[in-house]
Colleague: 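Handing you a structure now.
Sequence lines set the chain letters: A, B, ... in the order given, protein chains first and strands last, and positions in each chain run from 1. Just the heavy atoms: all of them, side chains too, but no hydrogens, waters or symmetry mates, feed the values below.
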Amino acid sequence: MSDLVFLIPLAPLLGFVTLFCTLGNLPKKLVAIVGVGSISLSAFIVMLVGMEFLFQQDPTPYVVSIYSWMNVGGFISGVSFYIDGLSLIMMFVITGVGLLIHIYSSLFMLDDKDYSRFFSYMNLFVSAMLVLVLADNLLLLFVGWEGVGLCSYLLVGFWHEDPANGSAARKAFVVTRIGDTAMALGMFLLFLHLGTLDIQAIAQQAASTWQVGDGMVTLACLLLVGGAVGKSAQLPLQTWLPDAMAGPTPVSALIHAATMVTAGVYLIARNHELFLMSPAAMLVVATIGSITLLMAAFTAMTQTDIKRILAYSTISQIGYMFLALGVGAWASGIFHLMTHAFFKALLFLGAGAVIYSLHHEHNIFKMGGLRTRLPVAFWSFIIGSAALAALPFTSGFYSKDAILLSAFEHGPYGPWFWGAGALGALLTSVYSFRLVFIVFFGEAKTQPDAPAGWGMAGPLVILCALAIIGGWFTVPVSSVFPAVHEVDHGGVVAYITPAIPIIGVFIAYLIYYLHKISIKPFTESGLGQQLIKFWFSHWAMDWLYDTLFVKPYEEITAINRTDIIDWFYNFTADFTLFIHDLSTTTQTGQLRTYAAVMVTGLVIIIAIFVGVMPS
Amino acid sequence: MTEALTIPMEHGLLLASLLFLIGLLGVMVRRNIIVILMSLEIMLNACCMAFIFAGAHWGQTDGQIMFMLILSIAAAEVAVGLGLLLQVFRRFGSLDIDRASRMRG
Amino acid sequence: MSMTELYSLLPMITLTSVILVLMMVIAFARNLALTCGLSAGGLLLTLVSVFWVNHDLSAGFVTPLLVVDAYALMFSALIVSGSFFITLIAYGYKVQRGELQDEFFLLLLLATLGGITLAHSTHFASFVLGLELLGISLYAMISYPNQGLFSLEAALKYLILSAVSSAIMLFGIALVYAVLGSLSFTEIASNVYQDTGFDRLFILVGSGMILAGISFKLSLVPFHMWTPDVYEGAPAPVTAFLATVSKGGIFAVLLRFFTTVDSYQYETIISGLFWIALLSILVGNILALMQTSIKRMLAYSSIAQIGYLMVAFIAASEIGGKQLAIEASAFFLIAYFLTTIGAFGVVTIMSIDSTDHDQDGLDKYEGLFWHRPLLAGFFSTMMLSLAGIPLTAGFIGKFYIIAAGVKSELWILLAVVVIGSGIGLFYYLRVIFTMTKQSESNEVNVSATGGWAMAAVTLLLVILGVYPAPVIEWVSAVAKALV
Amino acid sequence: MLELGLFYTSATVALVATVFAVTRYNVAHALIYLIISLLASAVIFYLVGAPFAAILEILIYAGAIMVLFVFVIMMLNLGSPGDGVEHQWLQPGMWIFPSILCLVLLAEIVYMLSSGDRMLQGKMIGPKQVGIDLFGPYVLAVEIASMLLLAGLVGAYHLGRKYLIDAREES
Amino acid sequence: MTMILLIGVLILGGIAAWLAQTWNKDWPRWISLGTCLIAGLIVLPLYINTPEIHWTLGGNETAWIEMVNYAWIPRFGINFLFALDGLSLIMVSLTIFLGFVAIISSWDEIPDRSGFFQFNLLWTLAGVVGVFTSLDLFLFFFFWEVMLIPMYLLIAIWGHENKSYASMKFFLFTQISGLLMLIAILTLVLSNANQTGTITFSYFDLVGHGLPEGLSYWLMWGFFIAFVVKLPAFPFHTWLPDAHTQAPTAASVLLAGILLKTGAYGLIRFTVPLFPQATVEIADIAMILGAISIIYGAMLAFAQTDFKRLVAYSSVSHMGFVLVGVYAWNELAMQGAVMQMIAHGFSTAALFMMAGAIQHRIHTRDMTKMSGLWHDMPRMGAVAMFFIIASLGMPGLGNFVGEFLVLLGAFSVSIPITIAAAIGLITGAIYALIAMQRVFQGEGKPDRNLKDFGGRELAAMIPMMIGLIWLGVYPQPVFDLVDPVLSSLHLLTTSDPTQWIGSLP
């Protein structure tokens, strides 16, 4: 089957090329067939490859070399794919969820005039994402990494007639580019010291070159983390993700929830051997994760836009994954990645269905009572939110529980991480069910259209199923990651942890369904308003960056728009002209002046010659 | 008279220089073209004188020969110069050299 | 005088005979075409005789006044060819200006004779006579009748100032003679060393005055003030002559004097020349910058060009760099001749119909590229050559100058050359740019002879720029002989 | 001694006459002073042993060339009426800078002259000697000078003739 | 012989095109196109040849694909010395190709004097080909100057509203710096002649000269400034925005696509090999200049409202990478620099062509007056998006390979400079995307009725797109072609491999 591996990213790429080059001249039906078909092909091959790999006696990772990309000056990088449990699970998620979302989109986007462009970008994205996860070296990974960033940009700004969308897209690209640059520097550092960018080789070389805790390895890890936080929207580069919701909803589901934003998690997990050598970097990852998950959770509590709530929840959930990575619970992190992909895609698609039916209405306070009118969406949301809140027996529960327990066990800071995670979990359940109660219960405020057809409902249903049962399996990554010593599930924590979401749901129920508890005293108090405003603005991060970076950059460039250096040259020219004007006045046209100047010259020359005047 | 003066050559050259400078001054100060031409003659004459003194110092004929050559130069120059002067007087209606300062800059 | 001596003087004799014949012809039949043809033919004949003599040259003195050697013949050839082209270019110009134009060519030939005399002269007497022969012919040519007031003014200014400078120079010569007792360059050279009682101060003041006079003729700063006015006022062909033949002849004698007498040993003289060259380059270029009259612009640019030439001249003060420097100045001068004649040739052709004042306003040249592409092409080539851009002889010339400067390590002057060239580019390009502007057509008549002459000059310029090897060989052989 | 006295007297005359020649407002007067200066020069030439030069100075310089000036002055009818104009033209201020220049130059020359101490040879060089040299080594100079005079002739003829033609047309 | 044939064909083609305008308005461009195709056909067989001619360069054996040597000016030992190796071959091919693009881009744009236009275009190409192939220093300088004249005329005659200023500035900058180089060349040659007794301008004789270090240092500056002005690097870059903005499209394409590359080529071919010691001394300065150029250019590009000006400043930024790469002087960075040169040639040429096409259609370059062009011209929008993406360094396209290798190589030499240069990746994205948004995205304007890219324009664009993808996906052939050149240059600058400037550990 390894012969077919190259087709996995190639099929969507060909789909992209076909759709892009025809520039919207194909009938929509054909576009949908190409767009969805290429992903299906990819998914099918992933299935085949996965089956073969998993049903081996002893699954061993293998490399599929396509061709040698660069071989220059001691730097060798090939286009070769690395198949192991981790890349397989990623591919399953990408092609599987991707396929569902493609199917969903084929209906959702049907009325859009740029239908073909949409599918071409989506195909390109899937292709790039597959390259990202399949790459066996960091450079190729970087290709996919930037590629998905590009697609994110293209798709966020898909409706480019509105400049706001364009700005959001640019923000998404530039902010992640900052992280990418850090990651590139990390790659340079690794290459400088290890002489290779091959991921497996790095792991081996690092072990032989560096001691555990070496400053260099920490620096390299931190630079890679820089890339990861950019792509995965973690502190301090998370500000782009909420704005990225400007794109079509399937995009949000695929890119900004299920796949691309988890690339950072994948990167760290992929390089876990390196990270294991740097406890400090691990600690940083965990800290970033826990802080981000809390910040985002607080913000999600205050949002009113349905997609932004989900966006912040995504940030928060990735924070959990980071926390997991940081505490060494690799498998749990990847597990959560997978389950999150299911339930978040579900939530977004559900939200998409709602928005679709409500004529692009995003404000949750203008919705309400949709439970009966949009039953599919309603159930999607119920299941998705339950998984998100990690209610028992949903997929989210299994993954998140494992993370929290691992965090608790982890070293001296463990309880702190656990505390953050637990608080986050509480908030998660509150805001997710706040959303459910406000949107689907209460009185109806708008009249939705009839729900869309099965093309959209079908994927929702499948995802519902996945969101529930997705947690019942284990991810086949045991061969990838070092065995974690068995977590002691005893103790109070093991019982408290599962209970937290339930408490959260209950609180939300009291506040937003029964209206038993009024939050008005809080929201209307001065401090409360300030706090809410602060949280609503996501801890004023945008403002901070605006003031610190964006505005100064704009101002400096605006001041220097005409190029200060040029001023120097122009001054030289003007000065010469000035001298010219000055000296033309000596040419009076009068013969007497000329004679006098001549004689002056004579006097001076003789003076120089006889040495009266120093030459 | 077969014996000529024996004076310091420098005296003669000083005289020539003074004449030369007076002529130069005339060129620089006067506005009447005729006077300027005359001043030129004074300068050339001063040169002649310098050559005569120098020739007398060395006892060579070269000084006098140069004198004669300068004489012919002066003659030719004056001839052309006066011809030009007539034109100028006709066209400009004046002998003021400052009239002839249309070109400048 | 022996036969060999007479034979060596063949070019001068030829030219003199042509002058006399021409005078007779004019006396009997006034016919401009005939006159012009005779002059051109005579000049060609002279040119042939120059090469003839050069072919089997027995270099030597012809009386103490003149010397016939490869150097003299090279400059003679240059001067005669310059006059030849100017004759051709002037023809159409003169035709339009009615009767009584025949003597113009006579004067031109006389002036050329003066130039050749300068090239051959090795004695102050012949030097002064050659200079004045050149000068007096020029006075008459500049103010040649039927020109406007400007030419009169120009002639007046040139006459008076030139006479002053001649007088200054003569006085200087007298001072030098007073202490050295000789007027011949070679004898001066030996006296300077042999005579133990020689007075340095006399020689210095004397050479200061001579240098001032020569600087005037070469229009070097600060003796340059006349240049723009005279260039502007004089009829364009005369300006071409003034800028080339007159300067070439004087430079020839200056270089010969310095190399023969080895005045280079006087450091103060070199330092004086240094300032003159430096100021000429800077002042010339700066003054030319925004000129709207092409002739004035070319006048200022010629100040700068001669300043470049002086860099090579100064470079000859280093013993090791002497040959290269002489070569450089000779080649640069050749390029300068061609370029200047070409440039003023275009102005001449443009001015054929305007009998009052030459067409030298920059605005008159707008759109020339589109109406008269060939003429504009010629002019652009000239501008590029003046700017020292490749494909033209000017580039090789500038290359030579810089090589000479580098060889003698004149870093400051080289820096000034760079600055000057930078400024220079601006106004040369401005001309080209003006010609490329769109404007309505203004018709220009081009005389056939003038057109062909321009084509020949341009072609020569480009050939020299692309394949200069033969000329370089020639020049370097001459320089080798001189050193 | 008498000759020496004669020399310094002539020198003084020449200087004074030249100063007057340059400073007179009336052109005719100036010309007369110039002729006096030239005659004084001729005396000096004779005294220092150049009789041929002295004769030529009188014949050609004071005679021929100056007569040309006289012709022109007569032709243009520049008499006393020109005085007033000259007075206007010559502002005292105009003298200052050129005079300073000339004085500096004089100082330089005096500085130079004071360095040496040479006597004239006191030998008389007659016309014969001059003639022999003139047509010996300097024969080509004579030839070139002839061309020079030819150029002067052609030039002057042309410039002057044009003037006459115009004058005739106008009358 | 191929080189002389090539230059000859271009020169004669130019003359033919000029003459042809008398008879028919359409002929010149067809002749021009044909000339370019012939030139391309002349170059192609060279790829098949393997380097066969061996020559000693600074004591080392080097291999060349072709070499021509005729005496020109024997007095100075100046020869018609042309030689071609992989690096030259690549650059020459790029030149011919972009010439083709330039001709196509100017197809409808030049209504009158098209013959003279094509003449200048082809002569510029001839000059540039000469620069890339001549190895006699005099000859090199000759071509170096010659290529400027037709380019000057292109800008001065067919330029836009401020052409006088722009063309003048362009010429002044390049000429004055050129004169400095001429002085340096002559000093080098004559000082070398003082030592060895023979005057020679041959690169092969001059490399490895034994001049004292102080002198070499100053000479190096002469070369360096001339090349860096052309590159152009901060602070000599200010001619470029004006020249590019005012030039007609074809001239912008040539300027950005190949003329800038001559500066980089000169640095690689001449400055470093001739003055290895001095180069080490200023490597830091040069790299810092490169890094400043990258960031400064990007910042200025961001602030512009004129589309062409933006692209022009982006060139400053991109060529900064080349400067950093060259002076990092290890194989990675050098290969990166070469790759960046080629890729930048494609991407910027395309962007200028785009700018020209837009100006041709809506008669403005002001981005504030555009917006929403995608709506009107989706094909152009898509193509523009491609090149914008390429220019901001998207992996998978040529520019990325170049920038990445430059940074990777430079990282081993100076970490702070590399970090500064890497910031250019961010600033680059900022201006590139804002341009995209301002021009193509946003609300379209009604009634604009614009013509989308037609077959002619796509015929120029698509090869460049394919080229960029090819360079990004499979750059190895280019590396292999250039590798022998670079490694021989390395060998001669550093006889001891351990002392390579910025060699890898």
Colleague: If you take the centroid of each ring, where Trp contributes its six-membered ring, are E:F404 and A:F188 closer together than 6.0 Å?
Modeller: yes

Colleague: Under 4.5 Å heavy-atom distance to chain E, tell me which part of A:F568 shows up: side chain, backbone, both or neither.
Modeller: neither

Colleague: Picking from E:T418, E:I423, E:L392, which has the most non-hydrogen pairs under 4.5 angstrom with chain A?
Modeller: E:L392

Colleague: For the CG atom of E:L408 and the CG atom of A:L189, what is their distance to the nearest 0.5 Å?
Modeller: 11.0 Å

Colleague: Determine which residues belonging to residues 141-155 of chain A lie within contact range of chain E, meaning some heavy atom pair is under 4.5 Å apart, and list them by number or answer 'none'.
Modeller: A:F142, A:V143, A:E146, A:G147, A:L150, A:Y153, A:L154

Colleague: Do A:R561 and E:D306 meet the salt-bridge criterion of a basic N to acidic O distance under 4.0 Å?
Modeller: no

Colleague: With only heavy atoms counted, which part of E:Q476 is less than 4.5 Å from chain A, the side chain, the backbone, both or neither?
Modeller: both

Colleague: Go through A:D198 and A:T196 one step at a time and tell me if the side chain to side chain donor-acceptor pair (under 3.5 Å) criterion holds.
Modeller: CA-CA 6 Å; A:D198 188 277; A:T196 179; 5.5 Å; no

Colleague: Name the member of E:Y165, E:W239, E:F440 that forms the most heavy-atom pairs with chain A at distances under 4.5 Å.
Modeller: E:Y165

Colleague: Pick one of side chain, backbone, both or neither for E:M385, based on which atoms fall under 4.5 Å of a heavy atom in chain A.
Modeller: side chain

Colleague: Check whether E:I389 gets within reach of chain A through its side chain, its backbone, both or neither, counting any heavy atom under 4.5 Å.
Modeller: side chain

Colleague: Report which part of E:I419 has an atom under 4.5 Å of a heavy atom belonging to chain A: side chain, backbone, both, or neither.
Modeller: both

Colleague: Give a yes or no on whether a salt bridge exists between E:K169 and A:D566, defined as a side-chain N under 4.0 angstrom from a carboxylate O.
Modeller: yes

Colleague: Find out whether the Lys NZ or Arg CZ of A:R117 is both under 6.0 angstrom from the six-membered ring centre of E:W374 and within 45° of the ring's axis.
Modeller: yes

Colleague: Please look at A:I564 and chain E and tell me whether the side chain, the backbone, both or neither of the residue comes under 4.5 angstrom of a heavy atom of that chain.
Modeller: both

Colleague: What part of A:D180 is in contact with chain E, defined as an atom under 4.5 angstrom from a non-hydrogen atom: side chain, backbone, both or neither?
Modeller: neither

Colleague: Relative to each other, are the rings of E:Y474 and A:Y67 parallel, tilted or perpendicular (30° and 60° limits)?
Modeller: perpendicular

Colleague: Taking the six-membered ring for Trp, are A:Y569 and E:F173 ring centroids under 6.0 Å apart?
Modeller: yes

Colleague: Return the set of residues passing side-chain contact (heavy atoms from CB on, under 4.5 Å) with E:L458 (not counting sequence neighbours), or none when no residue passes.
Modeller: E:R379, E:V383, E:F453, E:I462

Colleague: Decide if the gap between the ring center of A:F119 and the ring center of A:Y115 is smaller than 6.0 angstrom.
Modeller: yes

Colleague: Which atoms of E:E443 are under 4.5 Å from chain A, going by heavy atoms: the side chain, the backbone, both sets, or neither?
Modeller: both

Colleague: Looking only at the aromatic ring of each residue, does the gap between the centers of E:Y296 and E:H237 stay below 6.0 angstrom?
Modeller: yes

Colleague: Go through the atoms of E:Y431 and report whether side chain, backbone, both or neither lie under 4.5 Å from a heavy atom of chain A.
Modeller: neither

Colleague: Are the ring centres of A:F81 and A:F6 closer than 6.0 Å?
Modeller: no

Colleague: Is the gap between the ring centers of E:Y313 and E:F302 under 6.0 Å?
Modeller: no

Colleague: Answer with side chain, backbone, both or neither: which region of E:F234 has an atom nearer than 4.5 Å to a non-hydrogen atom of chain A?
Modeller: side chain

Colleague: Taking every non-hydrogen pair under 4.5 Å, which of A:S167, A:A169, A:A182, A:S68 racks up the most with chain E?
Modeller: A:S167

Colleague: Could you tell me whether the side chains of A:W159 and A:D112 share a donor-acceptor contact shorter than 3.5 Å?
Modeller: yes

Colleague: If I measure from the heavy atoms of chain A, does E:L172 come under 4.5 Å with its side chain, its backbone, both, or neither?
Modeller: neither

Colleague: Pick from E:T427, E:D480, E:I426: which one has the most heavy-atom pairs with chain A under 4.5 Å?
Modeller: E:I426

Colleague: Tell me, side chain or backbone of A:L139 under 4.5 Å from chain E's heavy atoms, or both, or neither?
Modeller: side chain

Colleague: Any idea which of E:T305, E:D242, E:L405, E:V473 has the most non-hydrogen atom pairs under 4.5 angstrom with chain A?
Modeller: E:V473

Colleague: Is there a side chain to side chain donor-acceptor pair (under 3.5 Å) between A:D136 and A:S80 once you walk through the steps?
Modeller: CA-CA 6 Å; A:D136 88 322; A:S80 26; 3.1 Å; yes

Colleague: Against chain A, label E:F236 side chain, backbone, both or neither, depending on which of its atoms sit under 4.5 Å from a heavy atom there.
Modeller: both

Colleague: Quick check on the interface: out of E:A382, E:P378, E:A333, who has the most heavy-atom pairs with chain A under 4.5 Å?
Modeller: E:A382

